**Student:** 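Next up is a structure, given as structure tokens.
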Amino acid sequence: MVSLGLLSVFVPTFLLVSLTPGMCMTLAMVLGMTQGVRRTLWMMAGELVGVGLVAFAAGAGVAALMLRQPELFAVFKWLGGAYLVYLGMMMWRSRGRMAIPEKGLEVAPVGRMQLAMQGLVTAVANPKGWAFFVALLPPFLDAGRPLAGQLAVLVALILTLEFICLLLYATGGSRLRRLLSKGSGVRLLNRLAGALMAGVGLWLALG
């Protein structure tokens with residue numbers, strides 16, 4: 001369905017873009033710090049569903065219409081952004097289920113669906129993500145070949161690359177937690193994670 005020559009350009013391009021720090025990667029790192037890599041997989045699942053939906057829409061031409069109607073993003077952006085800012089403020093104050101307790105390192109696990117919805121909303125409500133796929137994905141589609149087969153292959157590759165990068169960021173966050181998990185480092189870790197989470201929320205709401 002897709003030529004090897006095209007894939008030799010497609011894979012490095014999308015790998016580089018996925019590795020670039022963004023909202024979803026920052027969220028993966030924060031959750032890696034506070035929830036651990038294993039539970040962060042639920043956020044990744046939601047994020048990958050969102051990225052897949054956006055990529056298919058971009059390939060089918062739906063995203064161009066969506067971008068001309070920015071009001072469609074307003075509810076997702078503001079509600080999603082406000083919620084992430086709230087979580088960030090609670091983590092900064094070492095409160096809430098996502099913060100690491102200053103006495104001991106056991107964190108009450110956040111619900112799986114809650115984590116998945118965080119990933120889904122962050123991916124779908126980001127207009128820059130839509131614009132990125134509209135600009136970058138269609139040039140790799142061959143009009144002379146069946147669209148569905150090409151999209152299936154390319155989106156599968158995108159999701160694979162995205163998952164690898166999310167896993168790298170979450171693992172990095174988990175290791176940072178180990179470095180800062182002793183004494184006053186726990187409060188510093190909560191504040192760092194809280195600031196990053198609030199930053200993702202503001203980025204989502206105002207971007």
Side-chain angles (χ1 to χ4, degrees), residues 1-33 35-64 66-67 73 80 84 115-177 192-193 196-197 199-200 203-204 207:
M1 286 293 182
V2 182
S3 70
L4 291 177
L6 183 146
L7 291 178
S8 68
V9 177
F10 179 87
V11 171
T13 299
F14 277 82
L15 177 60
L16 180 61
V17 171
S18 292
L19 280 172
T20 303
M23 286 189 289
C24 293
M25 296 302 155
T26 304
L27 184 59
M29 184 171 67
V30 171
L31 293 177
M33 291 181 198
Q35 295 294 307
V37 176
R38 182 174 296 180
R39 292 200 68 81
T40 304
L41 291 173
W42 289 98
M43 183 283 292
M44 296 181 196
E47 194 268 351
L48 292 175
V49 170
V51 168
L53 291 173
V54 174
F56 270 110
V62 176
M66 295 286 283
L67 288 172
F73 292 107
L84 292 179
L115 292 170
M117 285 303 298
Q118 285 182 16
L120 178 64
V121 170
T122 303
V124 174
N126 180 15
K128 292 181 180 178
W130 289 82
F132 161 74
F133 280 112
V134 167
L136 210 54
L137 184 57
F140 287 99
L141 297 174
D142 186 349
R145 298 184 178 186
L147 178 62
Q150 294 180 79
L151 272 178
V153 172
L154 295 181
V155 171
L157 285 172
I158 289 171
L159 296 182
T160 300
L161 296 172
E162 185 81 358
F163 175 70
I164 291 171
C165 295
L166 287 168
L167 199 56
L168 288 174
Y169 273 81
T171 302
S174 179
R175 291 185 177 179
L176 182 60
R177 172 181 173 171
L192 176 60
L196 289 172
M197 181 73 84
V200 172
W203 191 355
L204 181 61

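The structure displayed is predicted, hence computed values, not measured ones. The figures that follow rest on heavy atoms only: side chains count, while hydrogens, waters and symmetry mates do not.
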**Student:** Using the test ring pair (Phe, Tyr, Trp, His ring centres under 6.0 Å), find all partners of Phe163 that sit at least two apart in sequence or belong to another chain.
**Tutor:** none

**Student:** For residues Ser18 and Met25, report the shortest heavy-atom separation together with the two atoms involved.
**Tutor:** O-CE, 3.3 Å

**Student:** Heavy atoms, side chains only, cut-off 4.5 Å: are Val49 and Val124 in contact?
**Tutor:**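 Result no, sub-4.5 Å side-chain heavy-atom pair not found.
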
**Student:** Under the side chain to side chain contact (heavy atoms under 4.5 Å, CB included) rule, what do Trp42 and Leu31 come out as? Steps first, then yes or no, please.
**Tutor:** CA-CA 10 Å; Trp42 289 98; Leu31 293 177; over 6 Å; no

**Student:** Report yes if the side chains of Ile158 and Phe10 come closer than 4.5 Å at any heavy-atom pair, otherwise no.
**Tutor:**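 The answer is yes; the side chains approach within 4.5 Å.
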
**Student:** Ile164: which residues meet the side chain to side chain contact (heavy atoms under 4.5 Å, CB included) condition with it, sequence neighbours left out?
**Tutor:**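 Side chain to side chain contact (heavy atoms under 4.5 Å, CB included) check on Ile164 returns Thr160, Leu168.
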
**Student:** Hey, are the side chains of Gln118 and Glu47 touching, using non-hydrogen atoms and a 4.5 Å cut-off?
**Tutor:**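 Not in contact.
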
**Student:** Enter the distance from Leu151:CG to Phe56:CZ here, rounded to the nearest 0.5 Å.
**Tutor:**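 Reported to 0.5 Å precision, the distance equals 6.0 Å.
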
**Student:** Just wondering, do Leu27 and Leu166 contact through their side chains at under 4.5 Å, heavy atoms?
**Tutor:** no

**Student:** For a 4.5 angstrom cut-off between non-hydrogen side-chain atoms, does Leu19 reach Leu161?
**Tutor:**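 Leu19 vs Leu161: side chains apart.
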
**Student:** Show the nearest heavy-atom pair for residues Ala55 and Leu137, with the distance to one decimal.
**Tutor:**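 Answer, listing the atom of Ala55 first, then Leu137: O-CD2, 3.3 Å.
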
**Student:** Just to verify, what does Ser174 make a side-chain hydrogen bond (donor to acceptor under 3.5 Å, both in side chains) with, not counting sequence neighbours?
**Tutor:**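 Ser174: no side-chain hydrogen bond (donor to acceptor under 3.5 Å, both in side chains) contacts found.
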
**Student:** Using a distance-only test with no angle check, is there a side-chain donor-acceptor pair under 3.5 angstrom linking Thr40 and Gln35?
**Tutor:**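 Absent: no donor and acceptor within the cut-off.
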
**Student:** I'd like to check Leu115 versus Arg39 (side-chain heavy atoms, cut-off strictly below 4.5 Å). Are they in contact?
**Tutor:**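 Yes; the side chains approach each other to less than 4.5 Å.
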
**Student:** Write down the atom of Leu159, the atom of Leu48, and the distance for their closest heavy-atom approach.
**Tutor:**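 Shortest heavy-atom separation between Leu159 and Leu48 comes out as CD2-O, 3.3 Å.
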
**Student:** So which heavy atom on Leu6 is nearest to which on Phe140, and how close?
**Tutor:**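 Scanning both residues, the minimum pair turns out to be CD1-O, 3.1 Å.
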
**Student:** State, yes or no, whether a side-chain contact exists between Leu167 and Leu41 at a heavy-atom distance under 4.5 Å.
**Tutor:**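 Yes, close enough: below the 4.5 Å cut-off.
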
**Student:** Below 4.5 Å, heavy atoms only, C-beta onward: do Arg175 and Met33 meet side chain to side chain?
**Tutor:**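 No, their side chains stay 4.5 Å or more apart.
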
**Student:** Ignoring hydrogens, what is the shortest heavy-atom contact between Met43 and Cys24? Give both atom names and the distance.
**Tutor:**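 Where Met43 meets Cys24 most closely, the heavy atoms are CE-O, 4.2 Å.
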
